[in-house]
Amino acid sequence: MELEEMQATWSQMSDQLDNQKKITNKLIMEMTKERYKNKIGILSKYEGIGAVICFIMAILLISRFSELNTWYLLVSGIFTVCYMIVLPLIVLRSIRSMKSIDLTNNNYKETLIAYAKKNRQFLLTQKVGIYLNFILLVVSLPVIIKVFKGKDIFVTNINLVYWYIPVMAVFLILFSIWGYGKYKNVTDSASHILEELEDTSS
């Protein structure tokens, strides 16, 4: 009789421990999801601010498109506007894709695979953006000078051109290295957070 009582007590304790483990794992999962979303939210914040600035500039240029009175200025203006609208949207969509990973229904392996894929896509858009920035630096200059100074740099000699491009090129190189490094740190940190799910999946 005592043995049966001990077995029943042990079974009850075992069930309680299993339930406690499930509750603990659920809490860890919720905390991990929140930490992950907060980490990716940093990217959303920075890129969101950048996107707003780009959209405002694009609207301003579109409103003054009539001032681009030559074919080369018009082509430069169209490229500049497309860059300021399309690239931020692609980057924001990439971040949203990372944020939408289903941590609840996916298992540990599926989550890491999904994140690795979306992280590669995000970092690729950043690399493409860096290269496009240097093209934009050259292409947008005639547009900006025409819109804000009313001068065509292909017709009028403007001293600004000789120092603007080298200075901005150096700035872009330094800023791109710093920015990409920061984003890489954030995405690596998010990956480490997801790796903590291995304990709850066992």
Side-chain angles (χ1 to χ4, degrees), residues 36-102 114-156 158 160-161 163-188 190:
Y36 173 76
K37 287 185 177 181
N38 288 341
K39 189 63 68 172
I40 301 300
I42 294 173
L43 303 178
S44 298
K45 178 183 176 181
Y46 291 143
E47 288 298 329
I49 293 171
V52 170
I53 294 171
C54 284
F55 295 156
I56 291 172
M57 287 298 296
I59 292 170
L60 178 62
L61 289 178
I62 290 171
S63 69
R64 302 182 69 172
F65 247 41
S66 59
E67 297 177 30
L68 306 178
N69 51 10
T70 63
W71 69 267
Y72 48 84
L73 286 174
L74 192 59
V75 170
S76 297
I78 291 171
F79 175 85
T80 302
V81 168
C82 287
Y83 171 92
M84 291 182 173
I85 294 176
V86 175
L87 188 62
L89 289 176
I90 292 174
V91 173
L92 290 174
R93 183 181 177 185
S94 180
I95 294 173
R96 184 181 176 185
S97 179
M98 283 197 293
K99 216 169 185 178
S100 66
I101 293 175
D102 190 350
Y115 176 76
K117 179 181 178 182
K118 295 177 188 299
N119 183 36
R120 280 195 302 270
Q121 292 173 344
F122 170 72
L123 292 178
L124 178 61
T125 61
Q126 292 300 309
K127 289 178 181 178
V128 170
I130 289 171
Y131 293 120
L132 287 177
N133 283 340
F134 289 96
I135 298 175
L136 181 72
L137 173 64
V138 176
V139 174
S140 65
L141 182 59
V143 177
I144 293 171
I145 291 178
K146 180 64 177 177
V147 168
F148 292 102
K149 288 185 173 289
K151 297 179 180 179
D152 186 342
I153 65 172
F154 296 103
V155 176
T156 306
I158 299 176
L160 172 70
V161 177
W163 63 264
Y164 173 84
I165 292 180
V167 169
M168 287 303 295
V170 172
F171 171 78
L172 270 180
I173 291 171
L174 296 176
F175 182 78
S176 297
I177 293 172
W178 175 81
Y180 186 83
K182 285 289 184 182
Y183 279 10
K184 188 73 168 59
N185 288 338
V186 171
T187 55
D188 286 347

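Numbers here simply count residues along the sequence, with the first being 1.
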Report the distance from atom CD1 of I78 to atom CZ of F65, rounding to the nearest 0.5 Å.
-> 5.5 Å

How long is the gap from CG on N69 to CG on L74, to the nearest 0.5 Å?
-> 9.5 Å

First locate atom CD1 of I40, then atom CE of M98, and finally report the distance between them rounded to the nearest 0.5 Å.
-> 4.5 Å

Show the numbers, then the answer: is there a side chain to side chain contact (heavy atoms under 4.5 Å, CB included) between L68 and V147?
-> CA-CA 8 Å; L68 306 178; V147 168; 4.1 Å; yes

Once the angle between the rings of F175 and F171 is folded into 0 to 90°, is it parallel (under 30°), tilted (30 to 60°) or perpendicular (over 60°)?
-> parallel

Only counting residues at least two apart or in another chain, list the ones meeting salt bridge (Lys or Arg N to Asp or Glu O under 4.0 Å) with R93.
-> none

Search all heavy atoms of F122 against all heavy atoms of I95 and return the closest pair with its distance.
-> CE1-CG1, 3.5 Å

Could you pull out all residues at least two apart from K39 that satisfy side chain to side chain donor-acceptor pair (under 3.5 Å)?
-> S189

To the nearest 0.5 angstrom, please state how far the CD1 atom of I42 sits from the OG1 atom of T187.
-> 11.0 Å

Could I get the full list of side chain to side chain donor-acceptor pair (under 3.5 Å) partners for Y46, not counting sequence neighbours?
-> none

With no hydrogens and no angle check, is any side-chain donor or acceptor of S94 less than 3.5 Å from a backbone partner on I90?
-> no

Can you name the side chain to side chain donor-acceptor pair (under 3.5 Å) partners of S97, sequence neighbours left out?
-> K118

Results of side chain to side chain donor-acceptor pair (under 3.5 Å) for E47 - residues two or more places apart only | Y183

Minimum heavy-atom separation for S76 to T80, with atom names?
-> O-OG1, 2.8 Å

Are side-chain heavy atoms of F79 and I135 found at a separation under 4.5 Å?
-> yes

For the student: nearest non-hydrogen atoms of K127 and Y180, plus distance | CE-OH, 3.0 Å

Over all atoms of both residues, closest heavy-atom pair of V139 and V143 | O-CG2, 4.0 Å

Side chain to side chain contact (heavy atoms under 4.5 Å, CB included) between I56 and L60, worked out | CA-CA 6 Å; I56 291 172; L60 178 62; 5.6 Å; no

Residue list, salt bridge (Lys or Arg N to Asp or Glu O under 4.0 Å) with K117, at least two apart or on another chain | none

First locate atom NZ of K146, then atom CG of L141, and finally report the distance between them rounded to the nearest 0.5 Å.
-> 13.5 Å

Kindly indicate whether the side chain of Y72, heavy atoms from C-beta on, has any atom under 4.5 Å from the side chain of V75.
-> no

Reported CG-to-CG distance for the pair L92 and L87, which is rounded to 0.5 angstrom | 9.5 Å

Nearest non-hydrogen partners of G129 and Y83, listed with the distance | O-OH, 4.1 Å

Considering non-hydrogen atoms only, spot the tightest contact between D188 and Y115 and give its length.
-> N-OH, 4.5 Å

